[in-house]
Student: 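Before we start, here is the structure in question, set down as structure tokens.
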Amino acid sequence: MPHPHVKAISQMEDASKLVDIISESKSCYVRDNLSIHLHESQIKLIKNIVKHSKPHHRKVRVRQYAKINDDNHFELHLKLYLKKYKKLERLGLAEILDVDDLPYDVVLTDKGLEILSEIESLENEWAGKVSCDIDALREMALNSFEYSYRFKKNQKYQF
């Protein structure tokens, strides 16, 4: 007898719910097969370290930090973000650096780069197992990207 959710999913019309199910499946697959126990948010944080180190992302961060005049905002930022990065640092996956143009920067260690490579490999493996239609997903991403970009731009990239 098939799982009761199979029928419900096969009849779903809400694209965002389907995307959520797909995303959760990928996350579960990666976490279940990863050589180290990481929470979903830690995997996302590892990916963000790489993303934020790209030159154009780093320039945005430098510009935004230069505009911050509110010490309370910065203190909140330190408490929320550095706490998460410090957990990765304790696991030997990341290193928090003092830099001149930012209050801090984070880089992956060699072990962190190995785990990132393993995550990417598992994500590709998962995509092969679920027979992903990459063209349809790419089109959906391109059609939806503008909404999140416009929101972030209106927030002046300060969340």
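Quick caveat: nothing in here was measured; it's all calculated off a predicted structure. Residues: numbered from 1 along the sequence shown. The figures here come from the full heavy-atom set of this structure, side chains too, leaving out hydrogens, waters and symmetry mates.
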Student: Are any of the side-chain heavy atoms of N143 and E139 separated by less than 4.5 Å?
Tutor: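 Contact flag for N143/E139 side chains = yes.
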Student: In Å and rounded to the nearest 0.5 Å, what is the NZ to NE2 distance from K87 to H39?
Tutor: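 Answer for the NZ-NE2 pair, K87 versus H39, is 7.0 Å.
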Student: Decide yes or no for V106 and E89: does some side-chain heavy atom of the first lie under 4.5 Å from some side-chain heavy atom of the second?
Tutor: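 Answer no - side chains too far apart.
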Student: Taking the side chain as every heavy atom from C-beta outward, state whether V60 and R63 have any pair of such atoms under 4.5 Å apart.
Tutor: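 V60 vs R63: side chains touch.
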Student: Salt bridge check: are D20 and K17 linked by an N-O gap of less than 4.0 Å?
Tutor: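 The answer is no: the pair does not qualify as a salt bridge.
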Student: Hey, any chance Y147 and L142 share a hydrophobic cluster, counting ILVMFWY side chains that come within less than 4.5 Å of each other, even indirectly?
Tutor: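 Not linked; separate clusters.
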Student: Out of curiosity, does F145 fall in the hydrophobic cluster containing L137 (side-chain heavy atoms, cut-off under 4.5 Å, transitive links)?
Tutor: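 No, L137 does not connect to F145 through the hydrophobic network.
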Student: Could you tell me whether the side chain of S144 and the main chain of M140 form a donor-acceptor pair under 3.5 Å?
Tutor: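 Such a contact is found between S144 side chain and M140 backbone.
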Student: Which pair of non-hydrogen atoms, one from L122 and one from Y29, has the smallest distance, and what is that distance?
Tutor: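 Shortest heavy-atom separation between L122 and Y29 comes out as O-CE2, 3.5 Å.
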Student: Please confirm whether the backbone N or O of L91 pairs with a side-chain atom of K111, one donor and one acceptor, at under 3.5 Å?
Tutor: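 Yes, the answer is positive, given that a donor and an acceptor are paired below the 3.5 Å cut-off.
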Student: To the nearest 0.5 Å, what is the distance between CG on L93 and CD1 on I46?
Tutor: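 Nearest 0.5 Å value for the CG-CD1 distance: 5.0 Å.
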Student: Side-chain heavy atoms nearer than 4.5 Å, only ILVMFWY residues, links allowed to pass through others: does that put L88 and I36 together?
Tutor: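 Looking at the clustering, I36 is in the same group as L88.
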Student: Measure the shortest side-chain to side-chain distance between V99 and R58 over non-hydrogen atoms and say whether it is less than 4.5 angstrom.
Tutor: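 Yes; the side chains approach each other to less than 4.5 Å.
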Student: Any carboxylate oxygen within less than 4.0 angstrom of a Lys/Arg side-chain nitrogen, looking at E40 and R31?
Tutor: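 Result for this pair is no, no salt bridge flagged.
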Student: Under a 4.5 Å side-chain heavy-atom rule over Ile, Leu, Val, Met, Phe, Trp and Tyr, are L45 and V107 clustered together?
Tutor: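 Same hydrophobic cluster.
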Student: Answer yes or no: is there a side-chain heavy-atom contact under 4.5 Å between I49 and L116?
Tutor: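 Not touching, per the 4.5 Å side-chain cut-off.
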Student: Kindly check if the number of other-residue, nucleotide or ligand heavy atoms within 6.0 Å of CG (D110) is above 12?
Tutor: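 12 or below, so no.
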Student: Between the main-chain N or O of E24 and the side-chain N or O of S27, is there a donor-acceptor pair closer than 3.5 Å?
Tutor: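 Between the backbone of E24 and the side chain of S27 there is no qualifying donor-acceptor contact (under 3.5 Å).
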Student: Taking all atoms of both residues into account, what is the closest heavy-atom pair of M12 and I21, and its distance?
Tutor: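 Closest approach of M12 to I21: CE-CD1, 3.7 Å.
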Student: Quick check for you: to the nearest 0.5 Å, what is the distance between N48 atom CG and Y85 atom OH?
Tutor: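 So the CG of N48 and the OH of Y85 are separated by 6.5 Å.
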Student: What is the distance from atom CD1 of I43 to atom NZ of K26, rounded to the nearest 0.5 Å?
Tutor: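 With rounding to 0.5 Å, CD1 (I43) is 9.5 Å from NZ (K26).
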Student: Roughly how far, to the nearest 0.5 Å, is the CD atom of E118 from the OG atom of S35?
Tutor: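 Answer for the OG-CD pair, S35 versus E118, is 3.5 Å.
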Student: Hey, could you give me the OG/CG distance between S121 and N33, rounded to the nearest 0.5 Å?
Tutor: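 If I round to the nearest 0.5 Å, the distance is 10.0 Å.
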Student: Test your reading of the model: is there a side-chain donor-acceptor pair from R61 to the backbone of L102, 3.5 Å cut-off?
Tutor: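 Looks like no, no N/O pair under 3.5 Å.
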